Amino acid sequence: MSTVPPEAEAEIVAELRRLRARVPQLTGALAASADGLVLAQDSAAAEGETVAALTAAALGVAQRLSDSTGQGGFRELLVRGEHGYVATYAAGEAAVLTLTAETRVNVGRLHLEARRSSLRIAELIDHTLGRRGAGTGPDGSAGPAGSGGNLPAPPLPPLPPAPPVLPA
């Protein structure tokens, strides 16, 4: 069940399909809220809600790992399994783009195209919410005026601190 209006969902699905056309080795594409709700998906598999929920869990761990190692805000996560890849990219402050791909995918091309699509999805979501995103410039591009919209998506907000570990 999507949490965006049907017209916005249709635009996000169209972007997911364009991405899959540019990277034919993709086997699935999903846009989800940072808390694990499906916004739109383009996949033959019906496990979108499960993937969205697992993405939210992985996102929490990735955010903490990135923060605790001094690497800054979350941008992307890549998992390589025996049968392919799962990649997650920040799509603005409130959403993520999660992709599944075959083992033979060109990972550099995957990153290039997914980063472009995550910026577009962030713009669509920000437009739907009636606001310009934190990384949107005066000309509507994803970045300051003159940047050509080539800046990465802004990071998702940090998680609250982990509760203290009590001794056994």
Side-chain angles (χ1 to χ4, degrees), residues 1-20 23 26-43 45-81 85-101 110-137 140-143 149-163:
M1 181 176 161
S2 177
T3 60
V4 295
E7 57 276 358
E9 181 180 2
E11 288 186 56
I12 296 170
V13 168
E15 180 59 33
L16 296 177
R17 288 183 177 151
R18 286 189 294 270
L19 174 59
R20 289 188 68 186
V23 184
L26 288 179
T27 57
L30 170 85
S33 65
D35 56 358
L37 299 174
V38 175
L39 301 176
Q41 66 179 357
D42 182 33
S43 173
E47 77 267 351
E49 290 166 358
T50 301
V51 171
L54 289 170
T55 295
L59 179 61
V61 172
Q63 286 174 320
R64 285 193 178 150
L65 179 62
S66 182
D67 185 50
S68 68
T69 58
Q71 303 307 311
F74 172 79
R75 296 284 187 216
E76 56 199 43
L77 172 67
L78 181 68
V79 176
R80 180 178 176 204
Y85 293 89
V86 179
T88 298
Y89 302 84
E93 295 180 21
V96 292
L97 168 65
T98 296
L99 307 171
T100 54
L110 173 69
H111 285 321
L112 175 71
E113 298 296 346
R115 289 170 184 156
R116 289 177 180 166
S117 287
S118 68
L119 286 172
R120 176 67 181 136
I121 290 167
E123 290 171 358
L124 290 168
I125 291 169
D126 286 343
H127 177 73
T128 298
L129 297 176
R131 62 179 169 82
R132 289 189 358 208
T136 304
S141 65
N150 290 327
L151 296 179
L156 294 168
L159 291 174

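The model shown is predicted, which means the values in this text are computed figures rather than measured ones.
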Legend entry - Exercise: identify the closest heavy-atom pair between G92 and A122: N-CB, 3.4 Å

Legend entry - All side chain to side chain donor-acceptor pair (under 3.5 Å) counterparts of S66, not counting sequence neighbours: none

Legend entry - Contact summary for A90 and V96, nearest pair of heavy atoms: CA-CG1, 4.5 Å

Inset, instruction - Identify the heavy atoms of L19 and S117 that sit nearest to each other, and give their distance. - result: CB-OG, 3.5 Å

Inset, instruction - Enter the distance from Y89:OH to R116:CZ here, rounded to the nearest 0.5 Å. - result: 12.5 Å

Legend entry - Donor-acceptor contact present, side-chain T27 to main-chain T100, <3.5 Å: yes

Legend entry - Residues in salt bridge (charged side-chain N to carboxylate O under 4.0 Å, His left out) contact with E76, at least two apart in sequence or another chain: R115

Legend entry - Separation between CG of L97 and CG of L119, rounded to the nearest 0.5 Å: 10.5 Å

Inset, instruction - Measure the spacing between CD of E7 and CG of L124 and express it to the nearest 0.5 Å. - result: 11.5 Å

Inset, instruction - Could you check if a side-chain atom of S43 sits within less than 4.5 angstrom of a side-chain atom of L30, using non-hydrogen atoms only? - result: no

Inset, instruction - Search all heavy atoms of A95 against all heavy atoms of I125 and return the closest pair with its distance. - result: CB-CD1, 3.4 Å

Legend entry - With R17 via salt bridge (charged side-chain N to carboxylate O under 4.0 Å, His left out) - residues at least two apart: D42

Legend entry - Side-chain heavy-atom pair L16, I121 within 4.5 angstrom cut-off: yes

Inset, instruction - Can you see which heavy atom on A52 is nearest to which on V38, and at what distance? - result: CB-CG2, 3.7 Å

Inset, instruction - To the nearest 0.5 angstrom, please state how far the CG atom of L26 sits from the CG atom of L110. - result: 6.0 Å

Inset, instruction - Output the distance between atom OG1 (T88) and atom CG (L99), rounded to the nearest 0.5 Å. - result: 7.5 Å

Legend entry - Distance (rounded to the nearest 0.5 Å) between Q41 CD and E9 CD: 8.5 Å

Legend entry - From CA spacing to verdict: side-chain contact (heavy atoms from CB on, under 4.5 Å), L54, V86: CA-CA 11 Å; L54 289 170; V86 179; over 6 Å; no

Inset, instruction - Might you point out which heavy atoms bring A8 and T128 nearest each other, and give the distance in Å? - result: CB-OG1, 3.2 Å

